[in-house]
Number of protein chains: 2
Amino acid sequence: MTKTRSLLDETDKKILNILQKDCTVPLNKIAKLLDISKSTVHYRMKRLKSENIIEGYHAKVNFARLGDDFQAIIHIRAKYSKNYVEKVGKELAKIQGVWAIYNVLGDNDFIIMVRAINREELMNKLEEMRTSNLIERTNTVVIARILKEEERLFFETDIPQVDSTSALTSNDE
Amino acid sequence: MTKTRSLLDETDKKILNILQKDCTVPLNKIAKLLDISKSTVHYRMKRLKSENIIEGYHAKVNFARLGDDFQAIIHIRAKYSKNYVEKVGKELAKIQGVWAIYNVLGDNDFIIMVRAINREELMNKLEEMRTSNLIERTNTVVIARILKEEERLFFETDIPQVDSTSALTSNDE
DNA sequence: CCTGAAAGCAGATGTCC
DNA sequence: GGACATCTGCTTTCAGG
């Protein structure tokens with residue numbers, strides 16, 4: 001009967017939300033928050049990691065605080081060819097400072113995020129792109145201020161409504 | 001005299017690069033890699049954290065692996081008013097799934113990153129924006145594939161050339 | 001600002017449910 | 001899949017250079 005068997009249950013999502021916000025919180029504390037045992041948390045985290053749902057644990061650095069920060073968003077139109085998405089992606093990935101590459105639908109083929117230390121450095125990176133024979137055009141937007149940059153948490157809407165008849169009610173006891 | 005006194009020395013940057021890539025590596029290992037003592041690594045990490053250069057430690061989740069993933073990049077033109085950057089920023093930040101907000105220079109005022117679980121959800125979020133009287137226009141680009149999304153590491157070029165007289169010139173060698 | 005040793009605690013493991 | 005107890009090893013602290 002309606003065994004939804006999603007990849008993640010609600011406990012997993014709660015754990016992921018906690019770890020996304022701060023992956024240094026002790027198993028102990030997570031266990032208390034979710035009212036399960038420490039080893040269960042450990043077990044689940046290991047599973048999530050091994051299944052590559054958790055891709056890694058990373059420190060977030062505040063570059064704005066360091067000066068020498070010049071970030072931009074570059075819109076790229078590629079020249080079409082067989083497997084151009086992968087090809088162009090690889091080429092872009094090689095450029096120092098390109099930290100995100102999105103293949104997108106619409107006027108452009110890619111939107112990429114770049115960090116440089118100043119205008120000159122950014123221009124050099126742009127030059128690299130413009131001399132590539134895989135790239136048709138670039139359109140660069142300079143970031144004035146980063147107002148937010150956080151984790152992509154799970155929300156209520158992410159949780160499949162497992163309502164059969166009642167389902168809800170029944171707290172543990 | 002010209003004591004550059006940068007916020008970060010080379011050791012700090014190396015530590016930050018390691019922790020950005022993986023903040024679970026033991027102090028021990030970092031110490032060996034940098035050929036300094038374990039407690040020095042700890043000392044520096046604490047300083048970086050307390051100075052908010054390290055903003056936090058976060059798990060990275062692979063949403064693409066989970067299905068129910070519909071991400072987009074939205075370009076936003078605001079209606080100008082006093083302090084509109086902050087005002088619009090705050091308004092956008094409230095919308096569930098908006099995980100990054102960049103105030104940018106150019107045709108648009110903001111570029112934001114949004115995660116939804118499907119097209120409908122995204123449309124709802126767009127509707128929220130379009131009914132805001134702070135927002136003039138939106139232009140949405142759907143992400144087909146995330147080819148790269150990593151940390152913004154420090155590079156050679158980030159390390160200030162501590163050249164005394166001329167500043168420019170001096171490539172590393 | 002860096003180090004080494006000692007102490008405290010959290011993460012890893014294995015067994016049983 | 002989850003709980004409990006144990007062990008290992010890392011993080012944290014601190015006194016000294």
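To find a chain, count down the sequence lines: A is the first, B the second, and so on, and within it residues start at 1.
Of the residues in residues 46-53 of chain B, not one comes within less than 4.0 Å of DNA chain C through any heavy atom. Shown for residues 23-36 of chain B: residues whose heavy atoms fall under 4.0 angstrom of DNA chain C, namely B:Ile36.
Between the base of D:dA3 and the side chain of A:Thr40 there is no donor-acceptor pair shorter than 3.5 Å. A donor-acceptor contact under 3.5 Å is not formed by the side chain of A:Ser37 with the base of D:dC4.
Using a cut-off of 4.0 Å between Lys/Arg side-chain N and Asp/Glu carboxylate O, A:Lys79 and A:Glu136 are scored as not salt-bridged. The pair A:Glu149-B:Arg152 meets the salt-bridge criterion, with a side-chain N (NZ, NE, NH1 or NH2) lying under 4.0 Å from an Asp/Glu carboxylate O. Between A:Arg115 and B:Asp158 a salt bridge is recorded (basic side-chain N to carboxylate O distance below 4.0 Å).
The CD1 atom of A:Ile15 lies 14.0 Å from the SG atom of A:Cys23; values are rounded to the nearest 0.5 Å.
Checked against salt bridge (Lys or Arg N to Asp or Glu O under 4.0 Å), A:Lys38 has no partners two or more places apart in sequence or in another chain.
With hydrophobic clusters built from ILVMFWY side chains whose heavy atoms lie under 4.5 angstrom apart, B:Leu126 shares a cluster with B:Ile95.
Between B:Phe154 and A:Phe63, the distance separating the two ring centers is shorter than 6.0 angstrom.
Residue pairs meeting the salt bridge (charged side-chain N to carboxylate O under 4.0 Å, His left out) criterion with at least one member in residues 39-52 of chain A, sequence neighbours excluded, are A:Asp9-A:Arg44, A:Asp12-A:Arg44, A:Asp12-A:Arg47, A:Arg47-A:Glu51.
Distances shorter than 4.0 Å separate none of the side-chain N or O atoms of B:His42 from OP1 or OP2 on D:dT11.
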So B:Asn52 and B:Glu55, side chain to side chain contact (heavy atoms under 4.5 Å, CB included) or not? Walk me through it. CA-CA 5 Å; B:Asn52 205 39; B:Glu55 291 187 316; 4.1 Å; yes
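Taking a pair as Watson-Crick or G-U wobble with both distances under 3.5 Å, DNA chain C forms stems of 3 or more consecutive pairs at C:1-10 with D:8-17, C:12-17 with D:1-6.
What you find for A:Asp109 and A:Tyr84 is that their closest heavy atoms are OD1-OH, 3.4 Å.
The salt bridge (Lys or Arg N to Asp or Glu O under 4.0 Å) test with A:Lys125 is passed by exactly one of A:Glu121, A:Glu127, A:Glu128: A:Glu121.
Judged by the 6.0 Å and 45° rule, A:Arg145 forms no cation-pi pair with B:Phe110.
Between A:Lys38 and A:Tyr43, the residue anchored closer to the 5' end of DNA chain D is A:Tyr43, taking for each the nucleotide with the nearest heavy atom.
With contacts defined as side-chain heavy-atom distances shorter than 4.5 Å, the pair B:Lys148/A:Tyr102 does not qualify.
Taking 4.0 Å as the cutoff to heavy atoms of chain A, we find the contact window on DNA chain C bounded by C:dG11 to C:dT13.
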